[in-house]
Amino acid sequence: MKLYEYEGKGLMAEYDIQVPDSFVVKKDGIHTPPVTYPKVMKVQTHSGERARRGLVKTIGSSEEYFAFLNSFFVTDSQDKKNTHVLVEDFIESPQELYLSVSYSTETRSPVLAFSLSGGSNYHSVRIASLNITKDILDEENISHWAPILGTYAENQEMRTVLSSIWRLFLEKHALLVEINPLFVTKNGFVAGDAKIILDDERISPAERRFITLDGDIAILASGGGASLLSIDTLIRAGGRPANYTEYSGNPSREVVKDITKRVLSQEGLNGCWVVGGTANFTDIYETLSGFIDGVREMELKPTYPIIVRRDGPRRDEAFALLRDFAELENIHIETHDNTTSIEESAHRIVNAAYGNSN
Amino acid sequence: MGILINKDSQVLVQGITGKEGQRAASAMRAYGTSVVAGVTPGKGGMTVADAPVYNSVKEAVSRHTITASFIAVPPTHVKSASCEAIEQKIPLLVILTEHVPVQDCAWIYAKASQQGVRVIGPSSIGIISPGEARIGSIGGDQVNSIFKSGPVGVVSKSGGMTSEISLALTRSGFGQSTAVGIGGDQLICSDFVDIVMLFEEDPKTKVVVVFGEVGGTYEEQLADSMQNGKIKKPLVALVAGAFTEGLPEETALGHAGTIVQRGRGSYKSKVDTLTKAGAHIAYTLDDIVIHVRNLCI
């Protein structure tokens, strides 16, 4: 789960990391201008490169303040969906550092990343791997990160910042805590930005991934690896997937129904592919019943072909149910068991959806 | 031969009284693998799948010789269950559980490495050396039609694909020495390099088949080991997630892609590095079979 900058800074402040004084302006709220200037206005968005896109601006007057808000709050661009602007004190800083803690899949441990050249064009980042079973200020960990901190290795205040970041990282189950830039001011280090990502497995383990792609064949895929492969296979067969979503681990009928409705609500569909490997334990009858429930609850019945490629416990019953449902509702549904390869099934849905010869 | 497990494996099941634990214990027994004991705190004294249940790993280890532990406890208990097993120096842990917090996984990996314990997982469907032993319920009731003994080592980030690939190989006459599900989490306690290095030492394994996915740097690290000569056996790789090329890095199914990955982690990065390292790239199950056939001649 990604936190917005203002949320990240709020969290950092709780851990005694200095952040600029600020207030948040909401699109639908009251837009009282600041009393002193200059200020930095920052649109709160998850997309990067805000400065380049004009979403960060230093202002010197209430006219500029209102002008920024007006241009932002009535803009037609994709940023219209953003609703919060952070208004911060302008921080004078001769130097901008880069500092982050995250996990490396190379060392399979937390790593500290640091650069003396932070900011939007940051570079020359050095990385030190950390022992998660020890505190960041333990001798062993110091021996890992001291070499990459250069002149800041002995700096007491830097050690305090490191300690704070480490505590935040562990206590909040973060995957990333990044401060870029970390301002060096006469009052100490100040976080110029805050990028914090928290571990979803702790927050919403039941949430299913859904990615919108650009196509017209709706996808309901089961199994993590098989679903990725299925989408690749569909594209190689000339298909255009509308979305990626997968469900695994024997989901309930209810869950499958909800995913189905979400997937079939996409616009401009020319086909639907329900695809997966051979389940060992997932009750196919249950999950495909959930699919049927979902279709049934759609306001607009699918007029496009639906192809189901799946196998596992109670397959015959499930396929019989699908056939009966198809007949009753006059919907084109085709079923394939595992004697039809995923590639063949992909070709079938492509032909059926795009009207090529059958 | 094969790797990691054999007929003499003596398995402990942690979380044996839960649904997954029971299923796995029964499946192992049905395959002839010795499940000597189980652990569920508070349920000591019961019996599951003919195995005595204890309240702690310490108790189980004091009464039985245990060579491996299969862990099927809820996500927030995996760290403590694993640490218990590591403390008792059980040499091999296989963690079935999915959605284990990344931090817990980092901790388990660190502790296990310190103690010389090998951990497979989390999110591992299990391990099977066909004809010898199975840990977990990999293959379910169809295990004997999916897996058969032979010269191909299979290692996969996806549990389901471990079976699909093995089935395709078996149907084409190529059995497996050992098939291992390593899981697809951000931190993988035994990654491709770890497992393929074992296949490298195993006389029965002639060809290795790898199923990878976007996210992390494990496939690139495998390519590195092939480049520097640590891995010499012929290797076939299928990497899934080509469609994520062009998606924003963090939307793509990788994890918090950060500066530390240094450009690695994408589908293209994996296929490019593996290709340069001499791996045979497959795009479908059929491709895998064709490559294996060519390499076994």
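Just so we're on the same page: letters track the sequence lines, and every chain starts at 1. No experiment lies behind these values; they were computed from the predicted model shown.
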Top residue by heavy-atom pair count (under 4.5 Å) with chain A, among D191(B), I188(B), D141(B)? D191(B)
Whatever's closer than 4.5 Å to a heavy atom in chain B on E106(A) counts as both
If one checks every heavy atom of L229(A) against chain B at 4.5 Å, the contacting part turns out to be both
Only pairs of heavy atoms separated by less than 4.5 Å count here; which of I235(A), I231(A), T133(A) has the most with chain B? T133(A)
Hey, are the side chains of V210(B) and L238(B) touching, using non-hydrogen atoms and a 4.5 Å cut-off? no
Step by step, work out the side-chain hydrogen bond (donor to acceptor under 3.5 Å, both in side chains) result for S227(A) and Y244(A). CA-CA 8 Å; S227(A) 64; Y244(A) 169 80; 2.9 Å; yes
For C105(B), is it the side chain, the backbone, both or neither that has a heavy atom under 4.5 Å from a heavy atom of chain A? neither
Among I132(A), N338(A), N131(A), who wins on heavy-atom pairs under 4.5 Å with chain B? I132(A)
Let's test your reading of the structure: which of L213(A), L234(A), I342(A), T233(A) forms the most heavy-atom pairs below 4.5 Å with chain B? L213(A)
Under a 4.5 Å heavy-atom cut-off, does chain B meet the side chain of V125(A), its backbone, both or neither? both
Checking heavy atoms, do the side chain of V193(B), its backbone, both or neither come under 4.5 Å from chain A? neither
Contacting moiety of L170(A), where chain B heavy atoms sit under 4.5 Å: both
For S269(B), run the side-chain hydrogen bond (donor to acceptor under 3.5 Å, both in side chains) check against E220(B), R264(B), E245(B) and tell me which one passes. E220(B)
With a 4.5 angstrom heavy-atom cut-off, which part of V143(B) approaches chain A: side chain, backbone, both or neither? neither
Need one label for E164(B): side chain, backbone, both or neither, based on atoms under 4.5 Å from any heavy atom in chain A. side chain
Top contributor to chain A interface from G241(B), G160(B), S158(B), A106(B) [non-hydrogen pairs under 4.5 Å]: G241(B)
Given that the side chain runs from C-beta out, which part of T107(A) has a heavy atom under 4.5 Å from chain B: side chain, backbone, both or neither? backbone
State whether R118(B) and D194(B) are salt-bridged, where the test is any N-O pair (Lys NZ or Arg NE/NH1/NH2 against Asp/Glu carboxylate O) under 4.0 Å. no
Donor-acceptor under 3.5 Å (R23(B) side chain, G136(B) main chain): no
Part of Y122(A) within contact of chain B (heavy atom distance under 4.5 Å): side chain
Please assess F169(A) against Y15(A) for the test ring-ring contact (aromatic ring centres under 6.0 Å, His included), listing each intermediate value before the final yes or no. CA-CA 10 Å; F169(A) 183 77; Y15(A) 281 81; over 10 Å; no
With a 6.0 Å cut-off on ring centres, are F147(B) and Y31(B) close enough? no
From the list R50(A), H46(A), K195(A), side-chain hydrogen bond (donor to acceptor under 3.5 Å, both in side chains) partner of E5(A) resolves to R50(A)
Has Q186(B) got a side-chain atom pairing as donor or acceptor with V102(B)'s backbone, closer than 3.5 angstrom? no
At a 4.5 Å cut-off on heavy atoms, which part of F211(B) comes close to chain A: side chain, backbone, both, or neither? side chain
Taking the six-membered ring for Trp, are Y98(A) and F114(A) ring centroids under 6.0 Å apart? no
The test is salt bridge (Lys or Arg N to Asp or Glu O under 4.0 Å); show your working for E213(B) and K157(B) and say whether it passes. CA-CA 7 Å; E213(B) 298 172 7; K157(B) 270 181 172 173; 5.7 Å; no
Side chain, backbone, both or neither: which part of S137(B) has a non-hydrogen atom closer than 4.5 Å to chain A? both
